[in-house]
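Structure, as structure tokens:
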Amino acid sequence: MNDLAARLARVLELVDREARHLAEVTQRFFGDAEVIDREWLAKQLATPEGIDRLESFGAKFSRLQDTLSDKLLPLFLRVAGELPGTAVENLHRAERLGIIPDAQEWLGSRGLRNRLVHEYIDDLDALAASLNVARRFTTILIEAAHAFRNYAEQRLAMFSRQSP
Amino acid sequence: MHISRGASPLYVDKRGLRRSGHESMRLTDDQICIIKTRAAECFGPNAKVWLFGSRVDDDARGGDIDLYVELSEPLADAAWRALRFNGALQQAFGAQHIDVITRGPSEPLKPIHETAKRSGVAL
């Protein structure tokens, strides 16, 4: 295994951990709640544990998104023999490879983190709306984490050195 | 002060010069056109969009693109559509910091909405 592939293996390990932590905190925070609205949210924020879980969810959501977009994706493309481009270009390549479902949604989701923090807490409707979107996007992040690993394990060795 | 005249509002800037509102937004006509087209795709043809924040301040430089969107019909997944709208604009403009606030027709006008409309420019 060359240096680049070894680095990829390490980042994939990190992504596995971050994805697991995000899945755990998502379950702790949202549980099986079907409707996330201001009433549900007010109840969560009435306890210090609820506030901690919200903060932890926001932090872990952002961390996995950053690791996937900024660390893993450019490295993954290099191992695949491609030159990483801009963030927008890289996400489109990941979409073409079938690793992420929609580059446009991924780009749009990057602004979500700022809406999951304290400054928006005074507007519970807005925070609840952002949490609904973030919860839905969490599934996309975690599935992308698995898709990166599957692709790397099953196809990258075969494709490396062949891509332009 | 804004003097509306059809699709091209006139704008009196801080130095008292009357000029096209679009010049004072620090967005190009192409960018405005893209914002309006994408907004129509994501929220329907009757959604109204305002630009507010530092991009309507002639003395500021760069800065986030803050957009306020008023929906003409209630949309259950407005927040998800806002995410897609945001992503479409980042795709068009390069990855920039864009913030989108939406308000459905039955939602109350909150202070942030009021500020966006009062201080912003309708596109």
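A, B, ... follow the sequence lines: proteins, then strands. Residue 1 opens every chain.
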Original post:
When rounded to the nearest 0.5 angstrom, what distance separates CD in A:Gln104 from CG in B:Asn86?
Top reply: 9.5 Å
Original post:
Hey, quick one: are A:Val133 and A:Leu116 part of the same hydrophobic cluster, counting side-chain heavy atoms closer than 4.5 Å, chains of contacts allowed?
Top reply: yes
Subject >> Pair listing, ring pair (Phe, Tyr, Trp, His ring centres under 6.0 Å) test, anchored in residues 126-146 of chain A, at least two apart >> reply: A:Trp106-A:Phe137
**OP:** Examine A:Leu141 and A:Leu14 and state if one hydrophobic cluster contains both, with Ile, Leu, Val, Met, Phe, Trp and Tyr joined whenever side-chain heavy atoms are less than 4.5 Å apart.
**Re:** no
**OP:** Return the minimal non-hydrogen interatomic distance between A:Leu107 and B:Gln91, and the atom names on each side.
**Re:** CD1-CG, 3.6 Å
Original post:
Within a radius of less than 6.0 Å around CZ of A:Arg135, do more than 12 heavy atoms belonging to other residues, nucleotides or ligands occur?
Top reply: yes
**OP:** Determine, step by step, whether A:Arg110 and B:Gln90 satisfy the side chain to side chain contact (heavy atoms under 4.5 Å, CB included) criterion, reporting the C-alpha distance in whole Å, the side-chain angles of both residues, the deciding distance to 0.1 Å, and the verdict.
**Re:** CA-CA 10 Å; A:Arg110 300 198 309 179; B:Gln90 288 192 57; 3.5 Å; yes
Original post:
Is there a path of hydrophobic side-chain contacts, each under 4.5 Å between heavy atoms of I, L, V, M, F, W or Y residues, that connects B:Phe52 with B:Ile32?
Top reply: no
Original post:
What part of A:Ser109 lies closer than 4.5 angstrom to a heavy atom of chain B: side chain, backbone, both or neither?
Top reply: both
**OP:** Answer with yes or no whether the hydrophobic clustering places B:Phe93 together with B:Trp50; edges join I, L, V, M, F, W, Y residues whose side-chain heavy atoms lie under 4.5 Å apart.
**Re:** no
Original post:
Going hydrophobic residue to hydrophobic residue with side-chain gaps under 4.5 angstrom, can you get from B:Tyr68 over to B:Leu27?
Top reply: no
**OP:** Counting only heavy atoms closer than 4.5 Å, note whether A:Leu112 contacts chain B via side chain, backbone, both or neither.
**Re:** side chain
Subject >> Side chain, backbone, both or neither of A:Asp102 within contact of chain B (heavy atoms, under 4.5 Å) >> reply: side chain
Original post:
For chain B, which residues from residues 19-38 of chain A lie under 4.5 Å away (heavy-atom distances)?
Top reply: none
Subject >> For chain A, which residues of residues 101-117 of chain B have heavy atoms nearer than 4.5 angstrom >> reply: B:Ile101, B:Lys110
Original post:
If you check every heavy atom in residues 76-85 of chain B against those of chain A, which residues fall under 4.5 Å?
Top reply: B:Ala79, B:Trp80, B:Leu83, B:Arg84
